[in-house]
Amino acid sequence: SIEALLGRFKGCMLGALAGDCLGAPFEMDSSVALSVLNNYINKLADPKVRVPYKAFTDDTAMTQSVAQSLIDEKSFSEVDMAKKFVRAYYKEPRRGYGANIVNVFAALKATNFKDVWAPAALQFDGSGSYGNGGAMRVAPVALFTAAASTEEAINMARDSALITHSHAQGYNGAILQCLAVRNALLSPSSSLNPQEYVEGLISTLSKMRNPREEDQDLCSEGEGHGGFVDSLHVLQELLGRSDQVTREEVVERLGNDVSAINSVPTAIYAFLRALQPIQGIESDSEFLRSIVYAISLGGDTDTIASMAGAIAGAYHGSQGVPEFLGRHCEAWEGALQQAEELHKIVYKN
Ligand code: 8NA
Ligand code: MG
Ligand code: MG
Ligand code: MG
């Protein structure tokens with residue numbers, strides 16, 4: 001129902017925020033002991049314990065801009081979205097942005113947004129960024145296109161990424177993350193079959209007709225990396241194993257770095273793995289378990305946890321989000337408000 005979907009919209013926006021805020025303190029650790037994370041979460045859950053406030057980073061700053069642009073424009077506008085990215089960056093440049101994306105912001109500003117696609121296309125000697133920055137901020141696109149066709153969702157995900165990420169891995173990562181959120185959002189609750197869910201993602205990516213010639217490397221990226229479809233097959237294999245798959249193996253086979261190819265499939269895996277209890281993680285919230293597990297893998301912890309949280313929140317809904325998180329994460333109310341406004345636009349109520 002439309003009312004139940006409002007809870008899913010809220011869960012998605014809160015999950016993206018919570019993953020970023022909870023994961024940021026561990027960014028670039030090689031891995032994080034589960035005992036440390038259990039202790040971390042128990043402290044947050046204890047109303048008597050005072051702990052430092054959890055600030056959001058670039059992941060959330062950019063997600064807020066994507067959401068606000070869709071809310072203000074009621075459609076995708078690359079110029080408005082680019083302006084919101086740039087305004088947010090210059091207002092708060094120390095939110096932990098990627099090392100190179102800031103050159104895109106500077107060029108957009110210097111050229112007064114005359115050709116919004118051009119600065120991204122010039123990154124890395126013209127190859128474009130393959131970072132996960134397009135994927136980490138795409139969740140509001142999945143919400144905004146929830147009632148539209150899959151093709152519309154794909155095209156808007158690609159366009160929203162292309163403002164900063166013109167490498168095929170950069171925008172295809174955004175497409176995959178958008179589809180992961182969309183399919184979680186539209187799955188009936190408590191009935192998701194992980195293998196079928198991944199099969200659905202593989203099938204959509206495999207059938208995608210791409211207007212851009214670079215997209216031929218959707219399935220095979222060279223340089224020792226498999227493409228997104230290859231990673232999804234790995235994910236299926238890991239999910240189907242009867243033995244306990246170690247975190248080391250997950251990192252080795254799916255990755256945990258700032259590239260989209262080595263982080264989006266990992267986030268999807270964290271969501272699916274956390275549907276079952278995970279040995280060593282105390283929390284019995286499936287939502288929180290996905291975020292804790294994502295952080296425990298180390299590497300780009302805020303971004304992988306944010307992407308896992310967005311998917312998990314879209315599936316479990318706000319009722320699956322532990323209330324105590326709202327006391328600790330910056331901009332909680334803002335995320336709830338954007339979720340409500342997006343829901344209102346999509347369902348015209
Ligand atoms: P980005 O476009 O700067 O890409 C991130 C990084 O990926 C770049 O700085 C490069 O090192 C590398 N990279 C991307 N494309 C190429 C290429 N074609 N050739 C060679 N290297 C390449 O920024 P982004 O928005 O994609 O990055 C998102 C990540 O940055 C997120 O994890 C986010 O949390 C943030 N981040 C911040 C810190 C920090 O210390 N504050 C650390 C890691 C990541
Ligand atoms: Mg970040
Ligand atoms: Mg890599
Ligand atoms: Mg990060």
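Since we're looking at a predicted model, the values are computed, not measured.
Salt-bridge annotation for R158 and E151: absent, with no side-chain N of the basic residue lying under 4.0 Å from a carboxylate O of the acidic one. Using a 4.0 Å cut-off between charged side-chain N and carboxylate O, R241 and E249 make a salt bridge. Under 4.0 Å is where a charged nitrogen must lie from a carboxylate oxygen, and between E340 and K10 at least one such pair does. Using a 4.0 Å cut-off between a side-chain N of Lys or Arg and a carboxylate O of Asp or Glu, E92 and R95 qualify as a salt bridge.
Judged by distance alone, the side chain of D20 and the main-chain N or O of T57 form a donor-acceptor pair under 3.5 Å. In terms of modelled atom types and a separation under 3.5 Å, the side chain of R289 and the main chain of Q276 share a donor-acceptor contact.
Note on I304 and L34: separate hydrophobic clusters, where clusters join Ile, Leu, Val, Met, Phe, Trp and Tyr whose side-chain heavy atoms are under 4.5 Å apart, directly or indirectly. Two different hydrophobic clusters hold Y171 and V258 under the rule that ILVMFWY side chains link at heavy-atom gaps under 4.5 Å. L325 is connected to V49 through a chain of hydrophobic side-chain contacts under 4.5 Å among Ile, Leu, Val, Met, Phe, Trp and Tyr, so both are in one cluster. When the side chains of ILVMFWY residues are joined at heavy-atom separations under 4.5 Å, either directly or via intervening members, L17 and L6 end up in two distinct hydrophobic clusters.
In this structure, the ring of Y293 has its center no less than 6.0 angstrom from the ring center of F271. Aromatic ring centres of F105 and Y90 lie farther apart than the 6.0 Å criterion allows.
Side-chain atoms of K43 and D46, non-hydrogen and from C-beta on, never get closer than 4.5 Å to each other. Within the 4.5 Å cutoff, the side chain of F124 has heavy atoms near those of the S129 side chain.
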Test salt bridge (Lys or Arg N to Asp or Glu O under 4.0 Å) on R137 and D58; report intermediate values, then the result. CA-CA 9 Å; R137 63 179 189 237; D58 59 322; over 6 Å; no
